[in-house]
Amino acid sequence: MEHYDFKNIESKWQKIWEVQKSFEVEPSSTKPKCYVLEMFPYPSGYLHMGHLKNYTLGDVVARYKRMQGYNVLHPMGFDSFGLPAENAAIKNKIHPKKWTYDSIAHIKKQMKAVGLSYDFRREFATSDPEYYKWTQWLFLFLYKQGLAYQKEALVNFCPQCQTVLANEQVIAGSCWRCDSKVVKNSLKQWFLKITSYTEELLSDLEILNEWPEHVKTMQKNWIGKSYGAQVSFPIVGGGEIEVFTTRLDTIYGATFLVLAPEHPLALELPQDPEIKEAIKTLINKSLLTPEIERSAEEIPKEGIFLRRYAFNPFTEEKIPILVANYVLYEYGTGAIMAVPAHDTRDYEFALKYNLPIREVVVPQLGTRCEELPDDGYGYLINSGPYDGLSSEEATLKMAEFLQEKLLGKLTARYKLRDWLLSRQRYWGVPIPMVYCQKCGLVPVKEEDLPVLLPEEIDFTPRGMVSPLATSDEFLHTSCPQCGGSAHRETDTMDTFMCSSWYYLRFGSPFTNREPFIKKDIDYFLPVDYYIGGVEHAILHLLYSRFITKALGDGGYLNFQEPFSRLFTQGMVLHTAFWCPTHYWIAPKDVKEEKYCPHCGMELTTSLEAMSKSKGNVVLPETISHKYGTDTGRMYVLFAAPAEREFEWKEEGVSGIFRFLNRVWKLVTSYQDIALKEMNSHPQNKEDESVKFITHKTIKKVTQDIENNFRFNTAIAALMEMVNDLKAIIESNNSLSEGVLKEAVESLVLLISPFAPHLAEELWEKLGHQNSLTFQKWPIYEENWVKEEVVEMPVQIDGKVRSKLIVVRKDRTLLWDVKEEEKLKELVLQDEKVLKFLKGKKVKGIIVVPEKIISIHTER
RNA sequence: GCGAAGGUGGCGGAACUGGCAGACGCGCUGGACUUAGGAUCCAGUGGGGGAAACCCCUUGGGGGUUCAACUCCCCCCCUUCGCACCA
């Protein structure tokens, strides 16, 4: 018998799919669409097991949906602008462009070798001028909508990467890429006004029913809405300080005010030059220290009294004004009312500087707080006319008072801030703006796009200035408005801009006259299944949602949300080694157990997500060369539930390979069975068993695919099917061919999304002419998913003591109530049951149809 | 500190709205076929007791509800991941 020759089979079918253009798709007026998208990769050399898992998840859905009759859009491309290309280029002295496109070529080859069913005609890289032309167009669109603006701002700067970072890219005060501490610098920067959409971004989370809850929570936290009040405190001697508080009810306990060091009033208010100096020192200090050290719990609170006072509008007392490092300028108004009795931070600060503490909210009237600070809600004391009110009532009453006196009102604040777009780096999309001496800031004309990234350039990072500024050819241009001499904006865009709209372009990549043809987008979008890692839960997804909404308001789109269904897959982990001085050490370089090859330091071993930078990648080829890519695909799906991370281990792979071989042997023993016309109606008991196995499996696999990517159990069900079929076939020769044909064909169809090459070959061997890409997915008959004979366990006092064999009526209904009574009689005649009931008194019998019979006795 | 997810054999993991815990796979043990097998096939495999029939125990720990609990309730422990001076 022919053996399972995966090498030839795989290349054969990959060629056929290519020649037959199996996966190319166009909008159709008759077929319903399904848009399956995996997050496209950053092309950093090659694909590893983590990518394989991600793309296979999508591929299974895509292939399944095709068989269900959907017109499936399944595209792929490359997120190819960004830092690593530059870093690699500097390190290896290759141009980022060459490095990037070499990478892309290699990765594409790998993708094809895996048999991913992409429409490669739609492929693009975000660094293609044909694509970034439209990214620039998008920027101009936002600019015209008033959603892009420039601002001198304190920005997060990473000294290691030599670039400005968005707030989202600062993780606990460190750079998201290299972990260096981030410092603050002042620079004129481009921002996108994502805050115009804060409320929509928040409230539309409600309609994303098919998104994982935790991702929505993360976005909610990031947007960070909090309800409170803004209150003006009049300054003694004129002026006022506005604060934001979520605890208006505690305002009688506000015994001092605190300004952030950067607050403009911090330098204006004090009259004493000594204090001014001290404040300047404090400002510098808080700018230079990273926002928060990764593991350090807290920066010690430091403050300076300005020797100025404000009136508490409620108590009308004079309270001191201070400046302190624990108040953030970016949040709220940059100033707070301090209520030490009911806020831990204020309490700590008050103790240190000996400021008054006044308890104003108690848990129950007539009691006192057990311990201060106490940030719980309760009832007011020491609060004048508000005494005795609950926190809630008091807040409303106090707000009325504020409104009357025009001193404030209830309001909400958000943590979300505008998206800092500018990057002082080379390998990115040039921002299409021009500075004219006469006209000022002028957008590049649409017909002059793209503003090409110059290739001959020294792209080493130089800190606060983009490398583009060193290219005279790029820099000097004429003004689009007056034609006079002008120079270009030299900053490039954050690469999240590139990935914030790529899913739209996939729906319509063939036009070079507009970013996309609306009619095509109307058909294919939104994305039905979006699959990728949780690491993009905030940044990429929030930006994409924002861009979708902005384009929608501009009339370009007619849907609210770009991704209807989101699936976050668990990462593939592998052992990695870490040296405190030499960072990640590739496992292949670790010879002496756990010692750094460079310095001999002891290495830290940990499980990490596979990534090139950690050196712990395993390539798909290590499996496909030995077992074939179908085995590799199936293994990453079988090893663990799709949403869970798992540690890569090669040991388990052979199990899948053995299984595919069993499938091969089983199916090839029925060559050309498809050519015969046969009735699949069962003729005998064995036929019925086979029929039952078949339909039970169809049901299970279908539901597992539909129900949240439960591919691991779907594959287990297929294994069970094969095991059971083999057992029956080997012990019987009375099986009807029609029933067998149905079983074997179903098996091949069911396995095809997972192991498409094998399935195609077997389908052909069975005698079919056409590729099974568009074969109909099998449908189970409800009649045949339940076995006729049911074995019911009998429990006595909670322990299984016997089993009762019951025959189902008409395959559907098990029994009616009368028969339930009969079963009770029956079970009391059972020998084993009688044995265990000896000397006991039966208190009750419970019959759960299809499940169990439970007897309990008096105890 | 706050929030979320999770803890089941030697390992990865199954178990639908409470109904036979350990599906499926790896590994391991024994056997068959073999010059050989790291190929294939068959059998066994949670722990303990017993010659056996069988019996007892077992889903992080402790309590509870129920005829019946991995599943529900209360308390505690541990792990992972988010957020973290956000007023």
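Atoms considered below: every heavy atom in the structure, side chains included; atoms not considered: hydrogens, waters and symmetry mates. First the proteins, then the strands, lettered A, B, ... as listed; each starts at 1.
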B/G82 C1' sits how many Å from A/M218 CE, rounded? 5 Å
Assigned partner base of B/A36, Watson-Crick or wobble definition, under 3.5 Å: none
When the P atoms of B/U71 and B/G19 are compared, how many Å lie between them, rounded to an integer? 11 Å
Rounded to whole angstrom, note down the C1' distance from B/A14 over to B/U59. 12 Å
Classified by glycosidic angle (syn within 90° of 0, else anti), B/G9 comes out syn
Look at the side chain of A/D704 and the backbone N and O of A/A714, then say whether any donor-acceptor pair between them is shorter than 3.5 Å. yes
Does the structure place the NZ or CZ of A/R247 under 6.0 Å from the centre of the six-membered ring of A/Y377, at an angle of no more than 45° from the ring's axis? yes
Using atom P in both nucleotides, what's the gap between B/G10 and B/C78 to the nearest angstrom? 23 Å
Pick the P atom in B/A23 and in B/A43, then give their distance to the nearest Å. 15 Å
Rounded distance in Å between the P positions of B/G18 and B/C67: 16 Å
Watson-Crick or G-U wobble mate for B/A43, both contacts under 3.5 Å: B/U29
Distance, C1' atom - from B/G48 to B/U58, rounded to whole angstrom: 10 Å
Can you tell me the pairing partner of B/G18 across any strand shown, Watson-Crick or G-U wobble, with both distances under 3.5 angstrom? none
B/G1 pairs with which nucleotide, Watson-Crick or G-U wobble, both distances below 3.5 Å? B/C83
Could you run through nucleotides 14-25 of chain B and give me one letter per nucleotide, 5' to 3': B if any protein heavy atom sits under 4.0 Å from the base, S if only the sugar-phosphate is that close, - if neither? SSB--BB--BBS
In terms of side-chain heavy atoms, does A/Y326 have a donor or acceptor partner in A/D346 at a distance below 3.5 Å? yes
Could you tell me the separation between the CZ atom of A/F657 and the C1' atom of B/U40, rounded to a whole number of Å? 12 Å
Can you tell me how far the CZ atom of A/F638 sits from the OG1 atom of A/T713, to the nearest 0.5 Å? 10.0 Å
Whichever of A/E645 and A/E730 has its nearest RNA chain B nucleotide further upstream toward 5': A/E645
Report yes or no: is there a donor-acceptor pair, N or O only, under 3.5 Å between the side chain of A/K301 and the base of B/C85? yes
Nearest-angstrom distance from the residue atom CG of A/L542 to C1' of B/G82: 15 Å
Length of the line joining A/L607:CG and B/C81:P, which is rounded to integer Å: 11 Å
I'd like to know if A/K699 pairs up with A/E782 as an ion pair, taking the criterion as any Lys NZ or Arg NE/NH1/NH2 lying under 4.0 Å from an Asp or Glu carboxylate oxygen. yes
Pairing donors with acceptors under 3.5 angstrom, does anything connect the side chains of A/T395 and A/Y227? no
Nearest-Å distance for atom pair CD/C1', residues A/E651 and B/G10: 13 Å
Between A/E647 (CD) and B/G12 (C1'), how many Å, whole number? 10 Å
May I ask you to say what A/K799 touches in the nucleic acid, namely base, sugar-phosphate or nothing, with a heavy-atom cut-off under 4.0 Å? sugar-phosphate
Heavy atoms only, 4.0 Å cut-off, all strands: where does A/S226 land among base, sugar-phosphate and nothing? sugar-phosphate
Separation of the C1' atoms in B/C33 and B/C41, to the nearest angstrom: 8 Å
With heavy atoms under 4.0 Å as the rule, sort A/V327 into base, sugar-phosphate or nothing. base
Considering Watson-Crick and G-U wobble pairs with both distances under 3.5 Å, what does B/U66 pair with? none
Which nucleotide in the list B/C85, B/C83, B/C41 gets nearest to the side chain of A/Y326? B/C85
Given that both distances must come in under 3.5 Å, which nucleotide forms a Watson-Crick or G-U wobble pair with B/A52? none
Nearest 0.5 Å, what's the CD-CE distance between A/E608 and A/M571? 9.0 Å
Mind checking the P distance from B/G27 to B/C11? Whole angstroms is fine. 15 Å
Using atom CG of A/L637 as one end and atom P of B/G13 as the other, report the distance to the nearest whole Å. 14 Å
Rounded to whole angstrom units, what separation is found between the CD1 atom of A/I729 and the P atom of B/C42? 13 Å
Pairing of A/E199 and A/K225 as salt bridge, 4.0 angstrom limit: yes
Determine the interplanar angle of the A/W648 and A/F646 rings, folded into 0 to 90°, and report it as parallel if under 30°, tilted if 30 to 60°, perpendicular if over 60°. tilted
